[in-house]
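The next block holds one structure in the form of structure tokens; read it before the comments.
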Amino acid sequence: MIVGERKPLEEIKAMVESYKRLLILGCGTCVSVCMAGGEKEVEVLASQLRMLHEKEEKKQEIEEATIQRQCDREYIEPCLEKIHKADAVLSMACGVGVQFVAEVAGENAIVLPALNTEFYGANLGAGIWAERCAGCGRCILHLTGGICPVARCAKRLFNGPCGGSQRGTCEVNPETDCAWQLIYDRLKARGQLEVLEEIIPAKSWKPSLSGGPRKVVREDLLL
Amino acid sequence: MKSGSNLEKILGKGEFAVTGELGPPKGNAAEVIKKKAEHLRGKVDAVNVTDNQTSIVRMSSIATSAILIQMGLEPVMQMVTRDRNRIAIQSDIFGATALGIKNMLCLSGDHQNFGNQKDAANVFDIDSIQLIQCVKTMRDEGTLLGGEEKVEGEIKLFIGAAANPFADPFEFRVVRLAKKARAGVDFIQTQCIYDMDRFKEWMRMVRDRGLHEKVHILAGVTPLKSGGMARYMAKNVAGIIIPDAIIERMVKAKEPAQEGIKICVEQIHQLREIEGVHGIHLMAIEWEEKVREIAEGAGLLPRPKV
Ligand code: SF4
Ligand code: SF4
């Protein structure tokens, strides 16, 4: 899933302060699962803002809504009336949702980000999410024991651990596993260490963000 | 001859090589380089010039290397892939060789998190092994990386890389060396050695694979200045192991600096005995004035003329 984290209240407050009617719009998919921008978080943020206004004797009408996915026209459209009624929409979706709601709602709609979109990751346990993929556009997981050095090695190395890997942790942050230690351990357990003897040549970053914004077009699905 | 460098000639003749190290200034104070370099003149066969080591902004290794050449010293230009993509790397190699640089050390580099520009984006377009491949392609094929494009002129470089027998996973360290050898590296400089047992074990694995006959291995040493430094390095520098016995010797010593030099000289004597070690990489960081004493003590002077 896409993992996001809510911005600090102070930052959000400064962002939305000047708008009379605010719609806080949650998203029911990734950010709901990572408990950053779903229905519950919309409710919490709305009441925090209301309390702040009360304390500072400010007036702002706050509406709340959550749709299934902000990256999907089909779910945004039924909500357009509410969106247009507001002076600004505070989207609690990832950066995709923030942009796409505005795209669908038209240029008059002001849509602001309530989250910092962090990464594509997995839920490791209560309250912990960690990055697993960087969307590089050419997956090499079959060459690295199913562990991604692009997203999980701080230096994006392709040919084994740097000289700073010690006791299984990364030199950059002792709280993080060294991706290459993980790769080594897994291939060893599988009896496939010979995979690591091969040099992985320089990667093409063209299919990654370096090549500019990417687009997938599926001819078979075009109407 | 691949490069015709002094280092290549020394190693080619089977002489025991000595390389030193010089960290460029954190600014354009060229006199700092000159002062440090004078301490190294005649004591080493070539001088490594670090490339923004530990991600602290310093004068570029190319410019510093060029200054050394003007002084009549031979540089080993270090280059990290942290700060340059393959366009800048190859362009810098053109420039460096045009300036007379003949040795190059291919590194991925310390993460920017250790330095003084922590908010920087890192590049890591290619890694150190891919960099070796890149330089070798430019030198031996006369083309750019991954292309038919001909290089105007000739790239003559003696290609080096680092190896760290003290990082983990230990058993993989020799595999990584084998990959560097296959990528086309000519010489290797190791991380500084204090744990002699582990180094010997690594060298045994290197010999088992016959790698000592494919690449020249220069064993890295760094004299310790004080017990505090020994403790600090053991605890805080990733990829370095300092056995307790050495820390204890340093802590108990009446004159720690002298003791550090003594230990270093002892280590060099031991390293010379190991089959497959073709030289020493002496990193007397910010202690260049002691290089003479160490080299002399270890019987490495005068340096052979080749
Ligand atoms: S190799 Fe690329 S696509 Fe595959 S997991 Fe890593 S970043 Fe994602
Ligand atoms: S310690 Fe491991 S994960 Fe960290 S930068 Fe080095 S190889 Fe990558």
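Predicted, not measured: the structure shown is a model, and the values here were computed from it. Numbers restart at 1 for each chain; the letters A, B, ... are given by sequence-line order, proteins then strands.
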Atom pair [atom1] ([X]) and [atom2] ([Y]), whose distance is rounded to the nearest 0.5 Å:
X        : Y        : atom1 : atom2 : result
B:His111 : A:Cys153 : NE2   : SG    : 8.5 Å
A:Ser165 : B:Arg176 : OG    : CZ    : 10.0 Å
B:Lys180 : A:Ile199 : NZ    : CD1   : 11.0 Å
A:Glu198 : B:Arg182 : CD    : CZ    : 6.0 Å
B:Asp127 : A:Ile200 : CG    : CD1   : 8.5 Å
B:Lys179 : A:Phe158 : NZ    : CZ    : 11.5 Å

Where on [X] is there a heavy atom nearer than 4.5 Å to chain A: the side chain, the backbone, both, or neither?
X        : value
B:Arg86  : side chain
B:Gln191 : neither
B:Phe170 : neither
B:Leu145 : side chain
B:Asn164 : side chain

Check your understanding: Quick one: what part of A:Lys155 sits under 4.5 Å from any heavy atom of chain B, side chain, backbone, both or neither?
Key -> both
Among [options], which residue forms the greatest number of heavy-atom pairs with chain A at distances under 4.5 Å?
options                      : answer
B:Thr81, B:Val123, B:Leu131  : B:Val123
B:Ile241, B:Asp125, B:Ile126 : B:Asp125
B:Gln112, B:Gln130, B:Glu171 : B:Gln130

Based on non-hydrogen pairs under 4.5 Å, which of [options] is most in contact with chain B?
options                      : result
A:Ser210, A:Ala202, A:Gly164 : A:Ala202
A:Val172, A:Asn173, A:Asp185 : A:Val172
A:Cys162, A:Gly163, A:Ala154 : A:Gly163

Has [X] got more than 12 heavy atoms of other residues, nucleotides or ligands less than 6.0 Å from its [atom1]?
X        : atom1 : result
A:Glu5   : CD    : no
B:Asp119 : CG    : no
A:Arg138 : CZ    : no
B:Glu201 : CD    : yes
B:Arg231 : CZ    : no
A:Phe119 : CZ    : yes
B:Lys118 : NZ    : yes
B:Ile87  : CD1   : no

Closest contact, heavy atoms only, [X] versus [Y]:
X        : Y        : value
B:Ile129 : A:Asn159 : CD1-CB, 3.6 Å
A:Gln166 : B:Val237 : OE1-O, 4.2 Å
A:Arg156 : B:Asn122 : NH2-OD1, 2.8 Å

**Study point:** Side-chain donor or acceptor of A:Glu171 paired with backbone N/O of B:Ala238 under 3.5 Å
**Key:** no
Check your understanding: Where the side chain of B:Asp168 meets the backbone of A:Arg167, is there a donor-acceptor pair that is under 3.5 Å apart?
Key -> yes
Point to revise | Aromatic plane relationship, B:Phe172 with A:Tyr184 - under 30° parallel, 30 to 60° tilted, over 60° perpendicular | key: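 The arrangement is perpendicular - the two ring planes meet at more than 60°.
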